[in-house]
Amino acid sequence: MENTVKKNPVKKRVFEIIQIGNESDIPSLCFDIFIVLIILLNISITFLQTFDGMAVYTKAMGAVELVTMVIFLVEYVLRIWTADFLFPKKTYPAAMLGFAVSFYGIVDLMTILPYFLPFFIPSGAVAFRMLRVVRIFRLFKINARYDAFNVITEVLKDKKNALVSSIFLVLILMLASSLCMYGLEHEAQPEHFSNAFSGIWWSVSTLLTVGYGDIYPVTIGGKLMAIIIAFLGVGMVAIPTGIISAGFVEYYTRIKVGGYSQHDADFISLQITRKHPFAGRTVKQLELPPGLYPAVVLRGEDVFTPYEGLEIAEGDNLLLGTTSTGQFDCHISEVCLEPGHSWIGSRIKDLDISRKTFIVMVKRGSRNICPQGSTCLAERDVVLILEKK
């Protein structure tokens, strides 16, 4: 990998630009914004092409679409070309294949193929055109640019077991209601409830509170059962909603308020430069020695919990925790030293705080200070704290 970097500085710079950038790398940031705008423009053209009234603009929209597709094609080729920087531990062919079969690689390919394939296989033009809807998945790339979107993914991962359980309960209730309604309504309207499976459509529309009204009970027993199922349906659908809502509350509480699970640890602060081996890698790709784990990522004025998909960028300050027992969940709270705060003017070693409390970073203006016992806290400092339960 080192030889590749030395021999191909231009290639490395191209990789840095087309990857998700940060505020300190203006060309990369501009490229991110440009690609997002092109994606939105391409999807807008696809949407407008479905309106009959836009037929007079067919040629203009076709030209714009062609330009956007050429840009997507160039971007895809550049990502294949620089794949060895994305997968530095793999051989060049393996790195190209690794990107090609990755989620974003497949989305990129499926974005451009449906547009160009009809030129070579005209008979499949209609089928290829249907596949062009895949391009909307390129919007997931915005997810990598803005950390707020990643919260949704993290919450769903964290609550996946509870969500699966709640969905399983809904499916059981759906099947039970279908069987019950078949037994009550089959003789009265066999054309609608001809078998147990025919009640599935009714149970779906009832449990999910859609209520299309194309199939409905006519017997007294069926109506009473429908009332019960409708009430149960409201409660069952509310369960996944409550789980996700609670997940969002827990996520932001961990970051902004506190509540920690942390073993005794020391902390190491790493300033990520352009040539640092961690630059451009995600947290999952970091190869840390046993006993080291990422605790927090400081990026300018922002504080990031180091989830697996977070990319370490140039200029970041990566805080590593060390422990003899491996990695543990680490959450950060902030204390802003407003005028009059009792900590102002005190050295960290003199603070009257619990032995379960660790001060791991002090943010002073635009600087991030790795705290020592002799560090004196000043007004307007933002102190980052780790605690045990």
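Side chains are part of it too, since the values below use all heavy atoms of this structure and drop only hydrogens, waters and symmetry mates.
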Cluster partners of Leu41, using ILVMFWY side-chain heavy atoms under 4.5 angstrom, listed by chain and number?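 Traced through the cluster, Leu41 reaches Ile45, Phe47, Leu48, Phe51, Met54, Val56, Tyr57, Met61, Val64.
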Who else is in Ile220's hydrophobic cluster (ILVMFWY, side-chain heavy atoms under 4.5 Å, direct or via others)?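 Besides Ile220, the cluster holds Leu224.
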Could you measure the distance from the [atom1] atom of [X] to the [atom2] atom of [Y]? Nearest 0.5 Å is fine.
{"X": "Ile26", "Y": "Ile17", "atom1": "CD1", "atom2": "CD1", "result": "11.5 Å"}
{"X": "Asp108", "Y": "Ser102", "atom1": "CG", "atom2": "OG", "result": "8.0 Å"}
{"X": "Ile272", "Y": "Asn317", "atom1": "CD1", "atom2": "CG", "result": "8.0 Å"}
{"X": "Asn195", "Y": "Leu179", "atom1": "CG", "atom2": "CG", "result": "10.5 Å"}
{"X": "Gln271", "Y": "Leu318", "atom1": "CD", "atom2": "CG", "result": "10.0 Å"}
{"X": "Lys12", "Y": "Thr82", "atom1": "NZ", "atom2": "OG1", "result": "11.5 Å"}

Please determine whether the number of non-hydrogen atoms from other residues, nucleotides or ligands lying under 6.0 Å from atom CD of Glu191 exceeds 12.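 Yes, CD of Glu191 has more than 12 neighbouring heavy atoms, counting only those of other groups under 6.0 Å.
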Let me check something: do [X] and [Y] share a hydrophobic cluster, defined by ILVMFWY side-chain heavy atoms less than 4.5 Å apart, either directly or through other members?
{"X": "Phe85", "Y": "Leu97", "result": "no"}
{"X": "Leu184", "Y": "Leu232", "result": "yes"}
{"X": "Leu173", "Y": "Val164", "result": "no"}
{"X": "Leu78", "Y": "Ile39", "result": "yes"}
{"X": "Val204", "Y": "Met225", "result": "yes"}

Main-chain N/O of [Y] paired to [X] side chain as donor or acceptor, under 3.5 Å:
{"X": "Tyr92", "Y": "Trp81", "result": "yes"}
{"X": "Ser165", "Y": "Asn161", "result": "yes"}
{"X": "Glu185", "Y": "Val218", "result": "yes"}

Side chains of [X] and [Y] in contact at under 4.5 Å (non-hydrogen atoms):
{"X": "Pro217", "Y": "Phe193", "answer": "no"}
{"X": "Val335", "Y": "His341", "answer": "yes"}
{"X": "Asp381", "Y": "Ile344", "answer": "no"}
{"X": "Glu379", "Y": "Glu338", "answer": "no"}
{"X": "Ser203", "Y": "Met174", "answer": "yes"}
{"X": "Ile244", "Y": "Lys159", "answer": "no"}
{"X": "Ile80", "Y": "Phe99", "answer": "yes"}
{"X": "Ile200", "Y": "Ser178", "answer": "yes"}

Going by the rule side chain to side chain contact (heavy atoms under 4.5 Å, CB included), which residues pair with Ile227 if we only count those two or more places apart in sequence or in a different chain?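 Only Phe231 meet the side chain to side chain contact (heavy atoms under 4.5 Å, CB included) criterion with Ile227.
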What heavy-atom pair brings [X] and [Y] nearest, and what distance separates the two atoms?
{"X": "Ser166", "Y": "Pro240", "answer": "OG-CG, 3.5 Å"}
{"X": "Ile106", "Y": "Ala100", "answer": "CG1-O, 3.5 Å"}
{"X": "Ser177", "Y": "Ile229", "answer": "CB-CD1, 3.6 Å"}
{"X": "Arg13", "Y": "Pro27", "answer": "NH2-CG, 3.6 Å"}
{"X": "Arg281", "Y": "Leu286", "answer": "CB-CD2, 4.2 Å"}
{"X": "Ala378", "Y": "Leu337", "answer": "O-CD1, 3.6 Å"}

Please step through side chain to side chain contact (heavy atoms under 4.5 Å, CB included) for the pair Phe72 and Asn42, ending with a clear verdict. CA-CA 10 Å; Phe72 292 153; Asn42 184 271; 3.7 Å; yes
For a salt bridge (Lys or Arg N to Asp or Glu O under 4.0 Å) with Asp84, tell me which candidate from Lys11, Lys90, Arg79 qualifies.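 So, applying the salt bridge (Lys or Arg N to Asp or Glu O under 4.0 Å) to Asp84 and each of Lys11, Lys90, Arg79, only Lys11 qualifies.
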On the 0 to 90° scale, with breaks at 30° and 60°, tag the Phe34-Phe31 ring pair as parallel, tilted or perpendicular.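 Judged by the thresholds at 30° and 60°, the geometry between Phe34 and Phe31 is tilted.
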